[in-house]
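Written out below as structure tokens is the structure these notes cover.
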Amino acid sequence: MRRCTSHMRRRAEPPDGGWGWMVVLSAFFQSALVFGVLRSFGVFFVEFVTAFEEQAARVSWITSIGIAVQQFGSSGWALTFTPTLACLSRYFSRLRSLATGLALTGVGLSSFAFAPLFQWLVSHYAWRGALLLVSALSFHLVVCGALLRPISLTEDPAMGGPGAQLASLLHHGPFLRYTVALTLINTGYFIPYVHLMAHLKDLNWDPLPAAFLLSVVAISDLVGRLVSGWLGDAVPGPVARLLVLWTTLTGMSLALISVAQTPTALVALSVAYGFTSGALTPVAFSMLPELVGTGRIYCGLGLVQMVESIGGLLGAPLSGYLRDVTSNYTASFLVAGAFLLAGSGVLTTLPHFSCFSAPTSKPQNLVTEAQGTKVPLPKEGVGED
């Protein structure tokens, strides 16, 4: 029986298009349904504190566990979003940052819509009824998964099986430092989406205007992702520089939110945070294939998200604990900003960061696999130091 060869044929290079744009569409809706819900969960945080009459630190575990489980890989969210981003990275090379930015704009659009929508649902159906409706909305992830079509590349056989890939990644210095950096960034990244509503409540803001401020953050996040996706492909040199720039600005805006008191200052800093935090995401994802190659992107992205889930797990409870101790969110946002600045510092140690020329696309370094054989790093890899 003759087998179809259209999907079995291995490509020498990612096609930079074709069915890849359908993968981008799938990732767009997945990012909207996954991170749009997580980023708008601050609406429920205020309700949980009131309903359960618990301290902010204890209630913060609800969202932080959701973030950690999503990244660790043991929930539906992780089992859809992570493979989709890895699949997208294998379809694009020259346009990878732009494709990733377009895919992740779903986060900004859904965050803009979901924050006031969730507040309206809570007002009309209480938080339990609102959660049921949100879970029904999340079922549309099944349709997104049906759009995925894996692609085979000529470099895949040289990468070995999952065990060999994992062994080589655990001996890959730049990859390990990149993972540490993203874990630090992840610790502070989600704090505004969990505690900004509560912070505004402490400043005597009404719930609906506070929810709309989250929508303003979402709009600037959307613009930041589009701008960053374009710059990632248009600006020569290592993508790590853009990632350091956006991460540093995000950390600074978070730290300044803690001391802002006037509505104008809070809106301006929230817009700055939304733009820079949105901008860092496309380059963070598009940088990984440059470090480990498209042949190991599934294993690499899964490992990164598993480790950085530690930051997602601990960030919000730490922020809530600081609020309980100090009776305000000043220290919470300062510490959140410090985590991002620390992650930015680690990123500066990556290869070719201080070079003025683009990294070579064909490094000669070798990595040792578990079986004792040596295979060259993929074409997109920047090598080890």
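Sequence positions, counted from 1, serve as the residue numbers for this chain. Since we're looking at a predicted model, the values are computed, not measured.
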Quiz item: Under 3.5 Å, is there a donor-acceptor pair between the S89 and Y298 side chains?
Solution: no
Quiz item: Do the side-chain N and O atoms of S26 and Q30 include a donor-acceptor pair separated by under 3.5 angstrom?
Solution: yes
Minimum heavy-atom distance [X]-[Y], with the two atoms named:
X: S253; Y: T250; answer: OG-O, 2.8 Å
X: R149; Y: Y91; answer: O-OH, 2.5 Å
X: L196; Y: S270; answer: CD2-OG, 4.3 Å
X: W19; Y: L147; answer: NE1-O, 2.9 Å
X: L121; Y: L133; answer: CD2-CD1, 3.6 Å
X: T247; Y: S344; answer: CG2-CB, 3.9 Å

Quiz item: For W127, does the CH2 atom sit with more than 12 other heavy atoms under 6.0 Å from it, leaving out its own atoms?
Solution: yes
Side-chain touch [X]/[Y], heavy atoms, less than 4.5 angstrom:
X: V239; Y: E290; value: yes
X: L148; Y: M22; value: no
X: L303; Y: T179; value: no
X: L226; Y: W230; value: no
X: C144; Y: F28; value: no
X: L280; Y: T276; value: no
X: I257; Y: Y329; value: no
X: Y178; Y: V292; value: no

Quick one: are the ring centres of [X] and [Y] less than 6.0 Å apart?
X: W246; Y: F275; result: yes
X: F29; Y: H140; result: no
X: F114; Y: W120; result: no

Would a distance-only check, ignoring hydrogens and angles, find a side-chain to backbone donor-acceptor pair under 3.5 Å from [X] to [Y]?
X: S228; Y: A279; answer: yes
X: S123; Y: Q119; answer: yes
X: T187; Y: T183; answer: yes
X: S286; Y: S97; answer: no
X: R90; Y: I151; answer: yes
X: N186; Y: G311; answer: no
X: R177; Y: V346; answer: no
X: T281; Y: S277; answer: yes
X: T100; Y: P282; answer: no
X: T262; Y: A265; answer: yes

Practice problem: Quick one: sort the Y189 and Y273 rings into parallel, tilted or perpendicular, breaks at 30° and 60°. | Solution: tilted
Exercise. Check the angle between the aromatic planes of W21 and F92 and answer parallel, tilted or perpendicular using the 30° and 60° thresholds.
Key: perpendicular
Quiz item: Can a salt bridge be assigned to the pair D16 and R96 using a cut-off of 4.0 Å between side-chain N and carboxylate O?
Solution: no
Practice problem: Might you work through the side chain to side chain contact (heavy atoms under 4.5 Å, CB included) test for L266 and L203, ending with a clear yes or no? | Solution: CA-CA 11 Å; L266 281 168; L203 297 177; 3.6 Å; yes
Quiz prompt | Candidates L340, L334, L269 - the one meeting side chain to side chain contact (heavy atoms under 4.5 Å, CB included) with L254 | solution = L340
